[in-house]
Amino acid sequence: VPKADYHTVAIEATQIQKDFVASCGERAERIRNGSVDPRKDNMLKITNDGRKIALDQRLENPLFPDDETSKVNQCFNNVYRIWEENKESRATQLVFCDMSTPKNDGSFSVYNDIRDKLLKKGVPENEIAFIHNADSEAKKKDLFSKVRKGDVRILFGSTSKMGAGTNVQKRLIASHDLECPWRPADLEQRAGRIIRQGNTNEEV
């Protein structure tokens, strides 16, 4: 079982994010005062909006700027650097994100955004995959085989689709958590994809 080195990447909030969080506080105050119909706004909705703006401000409004120091861009930079450093060994990576999964309807998606940036930097398209496109057991089996061989070197997915039963650890050198899932057990599931027997890397 490889030794795991954990890295926490702290990102400074943008002014847009700070202003949005302040507006969430005002919304919460109105809900507490009972001046809002709970069908129109409620604490669950505020929490969900807060998670979205924390991941990327464009999830709240696609017209907001693509901030260079955002979580998504920091993740992209790390994924690209690790891909470049491990070209020779064809080591692989997982990117976990439960929100903003690809919809194929033209709307903004974190998955598409990072993939497009990786393609622009020269990562071959066939080395990047979304687990959501493997919509049958046969396709999943084929995809996992490609990751184990190092043909697919960057695999994106959610905890539910890429958790238990995802045996792709052979060449895994890094796993990225773009946001924190609701349940602590989900973080354990994610880590369990890479910190497991059969991984040929001594350190991940």
Side-chain angles (χ1 to χ4, degrees), residues 4-83 93-121 123 128 130 132 154 156-163 174-191:
D5 295 319
Y6 286 92
H7 299 270
T8 301
V9 183
I11 310 295
E12 183 69 34
T14 65
Q15 193 55 51
I16 289 171
Q17 287 169 320
K18 288 175 183 172
D19 292 345
F20 187 86
V21 169
S23 76
C24 284
E26 290 163 11
R27 284 166 62 191
E29 200 54 50
R30 286 195 293 273
I31 289 163
R32 271 195 289 273
N33 295 341
S35 58
V36 180
D37 181 342
R39 287 169 299 187
K40 288 186 178 169
D41 204 7
N42 52 63
M43 292 308 286
L44 189 61
K45 194 172 186 311
I46 291 174
T47 305
N48 203 41
D49 288 346
R51 288 182 78 219
K52 284 199 295 190
I53 198 88
L55 177 56
D56 195 284
Q57 58 195 26
R58 290 168 295 169
L59 284 172
E60 205 47 54
N61 183 344
L63 299 176
F64 282 153
D66 177 11
D67 188 77
E68 278 182 27
T69 61
S70 72
K71 241 185 225 189
V72 169
N73 283 317
Q74 290 295 323
C75 182
F76 151 68
N77 288 329
N78 283 337
V79 170
Y80 178 73
R81 175 181 52 79
I82 294 165
W83 175 85
Q93 303 179 66
L94 298 179
V95 180
F96 281 99
C97 188
D98 294 349
M99 300 168 68
S100 189
T101 53
K103 305 249 184 336
N104 297 323
D105 61 0
S107 60
F108 174 78
S109 150
V110 163
Y111 283 57
N112 292 331
D113 190 64
I114 298 176
R115 182 199 57 198
D116 293 347
K117 285 170 179 162
L118 289 168
L119 293 174
K120 275 184 191 163
K121 286 286 272 186
V123 177
I128 305 168
F130 297 164
H132 300 73
I154 302 163
F156 290 79
S158 58
T159 317
S160 60
K161 290 188 182 290
M162 208 159 65
S175 180
H176 309 266
D177 294 307
L178 251 175
E179 30 69 299
C180 195
W182 288 109
R183 299 171 300 185
D186 289 343
L187 275 177
E188 284 178 35
Q189 274 295 344
R190 291 178 177 188

- So, do Leu187 and Cys180 sit near enough that their side-chain heavy atoms are less than 4.5 Å apart? yes
- Rounded to the nearest 0.5 Å, the CG atom of Asp66 sits from the CG atom of Asp113 at a distance of 5.5 Å
- For the pair Glu12 and Lys18, find out whether any cationic side-chain nitrogen is under 4.0 Å from an anionic carboxylate oxygen. yes
- Item | Gap separating the CG atom of Leu178 from the SG atom of Cys75, nearest 0.5 angstrom | 4.0 Å
- Item | Salt-bridge contact Asp56-Arg58 (side-chain N to carboxylate O under 4.0 Å) | yes
- Note on the structure: Between Val72 and Leu55 the two heavy atoms that sit nearest each other are CG2-O, 3.8 Å
- Answer yes or no: is there a side-chain heavy-atom contact under 4.5 Å between Arg115 and Phe130? yes
- May I ask you to check whether over 12 heavy atoms, not counting those of Lys161, lie within 6.0 Å of atom NZ? no
- Item | Heavy-atom closest contact (Arg51 atom, Met99 atom, distance) | C-CE, 3.7 Å
- Rounded to the nearest 0.5 angstrom, the OG1-CD1 distance for Thr69 and Ile11 is 7.0 Å
- Message: Strictly distance-based, threshold 3.5 Å: is any side-chain N or O of Ser100 a donor or acceptor partner for the main-chain N or O of Val110?
- Response: yes
- Report the C-alpha separation of Ile16 and Asp67 in whole Å, then their side-chain angles, then the decisive distance to 0.1 Å, and conclude whether the side-chain contact (heavy atoms from CB on, under 4.5 Å) test is met. CA-CA 10 Å; Ile16 289 171; Asp67 188 77; over 6 Å; no
- Would you please say whether a donor-acceptor pair under 3.5 Å links the side chains of Asn78 and Gln74? no
- Please name all residues satisfying ring-ring contact (aromatic ring centres under 6.0 Å, His included) with Phe96, sequence neighbours left out, ordered by chain then number. none
- Just wondering, do Lys121 and Phe76 contact through their side chains at under 4.5 Å, heavy atoms? yes
- Message: Set out, in order, the CA-CA distance, both residues' side-chain angles and the distance that settles side-chain contact (heavy atoms from CB on, under 4.5 Å) for Leu118 and Trp83, then state yes or no.
- Response: CA-CA 10 Å; Leu118 289 168; Trp83 175 85; 6.0 Å; no
- Message: Let me confirm one number: the NE2-CG distance from His132 to Asn104, rounded to the nearest 0.5 Å.
- Response: 10.5 Å
- Query: Sub-3.5 Å donor-acceptor pair from the side chain of Gln57 to the main-chain atoms of Pro65, do we have one?
  - Reply: yes
- Message: Tell me the closest heavy-atom pair linking Glu68 and Asn73, and the distance in Å.
- Response: O-CB, 3.3 Å
- Could you check Arg27 against Asp49 for side-chain contact (heavy atoms from CB on, under 4.5 Å), going step by step and ending with a plain yes or no? CA-CA 11 Å; Arg27 284 166 62 191; Asp49 288 346; 3.1 Å; yes
- Message: Please check: side-chain N/O of Glu60 versus main-chain N/O of Ile53, any donor-acceptor pairing under 3.5 Å?
- Response: no
- May I ask you to say whether Glu179 pairs ionically with Arg190, meaning some side-chain N is under 4.0 Å from a carboxylate O? yes
- In Å, rounded to the nearest 0.5 Å, how long is the span from CZ of Phe156 to CD1 of Ile114? 5.0 Å
- Can Lys120 and Asp116 be counted as an ion pair, charged N to O under 4.0 angstrom? no
- Message: Here's a test for you: under side chain to side chain donor-acceptor pair (under 3.5 Å), which of Asp98, Asp186, Asp177 qualifies with Thr159?
- Response: Asp98
- Hey, does His176 have a side-chain heavy atom less than 4.5 Å from the side chain of Ile82? yes
- Message: Please find the pair of heavy atoms, one from Gln189 and one from Gly163, that lie closest to each other, and give the distance.
- Response: OE1-C, 3.7 Å
- Query: Rounded to the nearest 0.5 Å, how far does CZ of Phe108 lie from CZ of Phe64?
  - Reply: 12.5 Å
- Message: In the structure I gave you, are the side-chain heavy atoms of Asn48 and Lys45 within less than 4.5 Å of one another anywhere?
- Response: no
- Using atom types as modelled and distance alone, determine if a side-chain donor or acceptor of Ser35 lies under 3.5 Å from a backbone N or O of Arg30. yes
- Query: Can you name the closest pair of heavy atoms from Tyr111 and Gly157 and give their distance?
  - Reply: OH-C, 3.0 Å
